[in-house]
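Reading through the structure tokens given below for one structure.
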Amino acid sequence: MADIQKARGMHASEREDIILGALREKGFATYRDLEEKVDASPATIRRDLARLEKLGKITRLHGGAKEVDPSSSEQSALPSLTGTPFDKSLRQNVLAKRAIGRAAAKYCRPHEGIIIDGGTTTYQMCEFLDEIELQVLTNSLHIVNALLRQETTQLLVPSGPIFREQNIILAPAGETSMPNFHAGKLFIGAAAVSPRGIFQADALLVASQRRFLERTDETILMVDSSKLEVSSGAIVCELARIDRMITDSNADPKLIAQLRDAGLKHIEIVEPDAS
């Protein structure tokens, strides 16, 4: 409300300061986010965004915008993501991720609709989902390929650009890019977890996961213990939005206690696979 009151009667430069502040805070903002902060018409906000993009301060995306990192190049012809490439991450902490994937699959019910967000830990769920007869919405081509072998699993994917490092389809905004689908459960990973919330390294991943969070009744976070030892990036959501976390027994008990104290009461700890 304070932002809106400040925005009344403001000049373009003042609106732009608020827009840049919103992008700096979260990394990405939808048009809806900006309309709540700036008391201006959607057309005016779009003109402001076009002007800021021409100045090289932001990049407009479908449904919103992200701030340009001055230390990086925005000239690449192909989209890219910050973070570890999928193939490299897939080889890290494999036994822990497999145990987490098996534990997560046990929460799926026959004929249920679920969302599986792209990632190397959520990918480990796939082999345990056969014959449950699920409807699965996923943005990961790796997960699609794994589930295609299961005759009773129905698959849905969003539309949008493919990010080759992780073979992931990201549609950070715009209802038309997402299937009309609501899930009983969402299974997501994170780059880091702390009492402040869950983090991702890239603003586009943040926006995509927030879209998924809007479409589910229950959220299950799947992270190996190494993700509890760092807390950097952009915040996807607070811990209160997470219903359950599954991690492995290498997690520091002090870190687990901190997460419980911060409100994440349902934490399942599994032993890494021996095989």
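These numbers come from the heavy atoms of this one structure, side chains and all, not from hydrogens, waters or symmetry mates.
- Put simply, the side chain of D117 never gets that close to the backbone of F187: no donor and acceptor are under 3.5 Å apart.
- Two residues are said to be in side-chain contact when any heavy atoms from C-beta on lie closer than 4.5 Å; I267 and L259 meet this criterion.
- Taking CG from L129 and OG1 from T153, the interatomic distance works out to 6.5 Å, rounded to the nearest 0.5 Å.
- Judged by distance alone, the side chains of S249 and E271 do bring a donor and an acceptor atom under 3.5 Å apart.
- Within the 3.5 Å criterion, the main-chain N or O of L213 finds no donor-acceptor partner in the side chain of T216.
- Side-chain contact check for T44 and R47: at least one donor-acceptor pair (N or O, by modelled atom type) lies under 3.5 Å.
- Within a 6.0 Å sphere centred on NE2 of H182, other residues, nucleotides and ligands contribute more than 12 heavy atoms.
- Within 6.0 Å of CG on D217 lie more than 12 heavy atoms contributed by other residues, nucleotides or ligands.
- In terms of heavy-atom proximity, V193 sits nearest to A190 at CG2-CB, 4.2 Å.
- Considering every non-hydrogen atom in both A191 and K227, the closest pair reads O-CD, 3.3 Å.
- Under a hydrophobic-cluster definition in which Ile, Leu, Val, Met, Phe, Trp and Tyr are linked whenever side-chain heavy atoms come within less than 4.5 Å, directly or via other members, L147 and I132 are assigned to the same cluster.
- Closest heavy-atom contact between I143 and G118: CD1-CA, 4.2 Å.
- To the nearest 0.5 angstrom, M125 atom CE is 10.0 Å from T138 atom OG1.
- Contact detail for A22 and K37: the closest heavy-atom pair is CB-CD, 3.7 Å.
- Proximity of a side-chain donor or acceptor of R196 to a complementary backbone N or O of E238 within less than 3.5 Å is not detected.
- No side-chain heavy atom of E268 sits under 4.5 Å from any side-chain heavy atom of M245.
- F199 and L228 fall into different hydrophobic clusters, where Ile, Leu, Val, Met, Phe, Trp and Tyr are joined by side-chain heavy atoms under 4.5 Å apart, directly or via other members.
- Panel note: side chain Q150, backbone C126; a donor-acceptor pair is recorded below 3.5 Å.
- The backbone N or O of K265 sits less than 3.5 Å from a side-chain atom of R260, completing a donor-acceptor pair.
- In this structure, the side chains of I220 and I246 come closer than 4.5 Å at one or more pairs of heavy atoms.
- The closest donor-acceptor contact from the side chain of D248 to the backbone of D224 lies at 3.5 Å or more, if one exists at all.
- Under the 4.5 Å side-chain contact rule for hydrophobic residues, I18 and I45 share a cluster.
- Annotation: the span from D243 atom CG to E218 atom CD amounts to 5.0 Å, rounded to 0.5 Å.
- Here the CD1-CD distance, from I115 to Q135, works out to 11.5 Å after rounding to the nearest 0.5 Å.
- Distance check, rounded to the nearest 0.5 Å: CD1 of I242 to SG of C237 gives 4.0 Å.
- In this structure, L23 and L52 have side chains that are not in contact, with every pair of non-hydrogen atoms separated by 4.5 Å or more.
- Each of I114, I116, L155 was checked for a side-chain contact (heavy atoms from CB on, under 4.5 Å) with L134, and the lone residue meeting it is I114.
- The closest side-chain heavy-atom distance from I169 to L141 is below 4.5 Å.
- Between the side chain of K97 and the backbone N or O of Q124 there is no donor-acceptor pair closer than 3.5 Å.
- Here the side chain of R244 pairs no donor or acceptor atom with the backbone of L221 at under 3.5 angstrom.
- At a threshold of 4.5 Å between side-chain heavy atoms, the hydrophobic network of Ile, Leu, Val, Met, Phe, Trp and Tyr places I235 and I198 in two separate groups.
- With respect to K185 and E112, a salt bridge is recorded, a charged nitrogen being found less than 4.0 Å from a carboxylate O.
- Taking 4.5 Å as the limit, every side-chain heavy atom of L255 sits out of range of all side-chain heavy atoms of S194.
- A continuous path of Ile, Leu, Val, Met, Phe, Trp and Tyr side chains, each step under 4.5 Å between heavy atoms, connects I256 with L239, placing both in one hydrophobic cluster.
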Candidate pair S208 and N139, rule side-chain contact (heavy atoms from CB on, under 4.5 Å), full reasoning: CA-CA 9 Å; S208 177; N139 56 7; 3.5 Å; yes

Full working for side-chain contact (heavy atoms from CB on, under 4.5 Å) between Y123 and R98: CA-CA 9 Å; Y123 173 80; R98 180 176 166 81; over 6 Å; no

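- L49 has its side chain within reach of L34: a pair of non-hydrogen atoms, C-beta onward, lies under 4.5 Å apart.
- Contact record, I100 with M222: CG2-CB, 3.7 Å, taken as the closest heavy-atom pair.
- The closest donor-acceptor contact from the side chain of T219 to the backbone of L186 lies at 3.5 Å or more, if one exists at all.
- In terms of heavy-atom proximity, Q209 sits nearest to G189 at NE2-O, 3.2 Å.
- Looking at heavy atoms from C-beta onward, V38 lies in side-chain contact with I19 at the 4.5 angstrom threshold.
- Rounding to the nearest 0.5 angstrom, the gap separating the CG atom in L205 from the CD atom in Q200 is 5.0 Å.
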